[in-house]
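So the structure is just underneath, and the comments pick up after that.
Bear in mind that the values here come from a model prediction, so they are computed numbers and not experimental data. Start at 1 and go down the list; that is how both ligands and their atoms are numbered.
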Amino acid sequence: MVDRLVIRRPDDWHLHLRDGAVLAAVAPESARHFARAIVMPNLVPPVLTGADARAYRARIEAALPPASGFTPLMTLYLTEQTDPADVVQAHRDGTVTAVKLYPAGATTNSASGVRDIRKVQPVLDAMAEAGLPLCVHGEVTDPEVDIFDREAVFIETVLDPLRARTPGLRVIMEHITTEDAVAYLRQGDETLAATVTTHHLMIDRNHILAGGIRPQYYCLPVAKRARHRDALVELVTRGHPRAFLGTDSAPHVDPLKLQPCGCAGIFSAPVTMACLAQVFDEAGALDRLEAFTSLNGPAFYGLPPSEETLTLVKDGPHPAPERLETGDGPVTVFDPGREILWRVQE
Ligand code: DOR
Ligand code: ZN
């Protein structure tokens, strides 16, 4: 039985760090285990320009413990007003690693997102030309479309046409949740990748809704049927070279989650690596964990893998931390709802 695993230090290819007091509390949690993270730009107001991204990066760096070794990789929030020249310049000078597409109204702080996808075509063309990747929140916002179908409909009606008219654009389907997305990734070429969250590998919609409503499991895209979760687990534990970890760790303080209209987002950064070791161990695939967390992402983004390592140990069960205190209030930590035998050796 394997009870110790040394892997290259993982990266988180989709992370929300927020700002202010929450940033101060959560940044050290990611820096503890991860080498780098793609930092989402959906602040209020959003990270729109290269100058915004540099200022936000400085605030993140100020929130990190000394000599943490953690590198935030910055993104810009795509709007219908985004200037292609600013985006390309921010990429050339090393400020930004990717641009994020939020369909307007799809999720938290997406109001400034894109309503008419054709209006951003000049930016997409410039990104394809410059080799700058697009991170996509892949859900349609049409209120007529059932919330459980929004990802599959997006792939067919928005993503596939977008890729067809923008040859060479590197696209990451963020936080995929369906077997439809898995199938689309599998038939895609080397310009297409997908991130998978920790929670979507561990919960299905019953966790949210059966036996009482559990707002702490509510995120977007919302978790789907068990069949879809199984397809995600199979994708990552059998190994796919363009599927990699993006936790979508998305802290909201408890009062904002536990209200009549609660916020979407699951905060998983502190427990993610232990949870993933558990998932891969249960699938008999511990030898594939490193590719998912530490190799496939850098390969797609054209970056070297981390030279540092992370050690995981199986000596539990370990009680999970329940919440993280922040200056704005407590944030509940993801509860995987099962025994976790693994921990990160610190
Ligand atoms: O659940 C989510 N929370 N999904 C998103 O797309 C955004 C995120 C957030 O920022 O809270
Ligand atoms: Zn996100």
Under a 3.5 Å threshold, yes or no: a donor from one side chain and an acceptor from the other, between [X] and [Y]?
X	Y	result
Arg18	His252	yes
Arg163	Tyr184	yes
His16	Asn42	yes
Thr247	Asp12	yes
Thr178	Lys224	no
Gln121	Arg165	yes

Does [X] approach ligand 1 within less than 4.0 angstrom via side chain, backbone, both or neither, non-hydrogen atoms only?
X	answer
His199	neither
His137	side chain
Asn109	neither
Ala250	side chain

Under-2.8 Å neighbours of the Zn ion (ligand 2), protein N/O/S atoms only: 3
Distance filter under 4.0 Å to Asn42 heavy atoms, resulting ligand 1 atoms: 9 (C), 10 (O)
Interfacing atoms of ligand 1 (cut-off 4.0 Å, heavy-atom, Cys219): 1 (O)
For ligand 1 and [X], I'd like to know whether there is a polar contact (N/O to N/O, distance under 3.5 Å).
X	answer
Leu220	yes
Ile266	no
Tyr218	no
Pro221	no
Thr107	yes

Within the 6.0 Å centroid threshold, strictly below: Tyr77 and Tyr102: yes
His14 and His175 aromatic centres sub-6.0 Å: yes
Within 6.0 Å of CD in Glu129, more than 12 heavy atoms from elsewhere: no
Worked check of ring-ring contact (aromatic ring centres under 6.0 Å, His included) between Phe300 and Trp13: CA-CA 11 Å; Phe300 187 79; Trp13 299 97; 9.3 Å; no
Any side-chain heavy-atom pair of Val99 and Val87 under 4.5 Å: yes
Under 4.0 Å, counting heavy atoms only: does [X] come that close to any atom of ligand 1?
X	answer
Lys257	no
Glu174	no
Asp248	yes

Test side chain to side chain donor-acceptor pair (under 3.5 Å) applied to Arg186 - qualifying residues, sequence neighbours left out: none
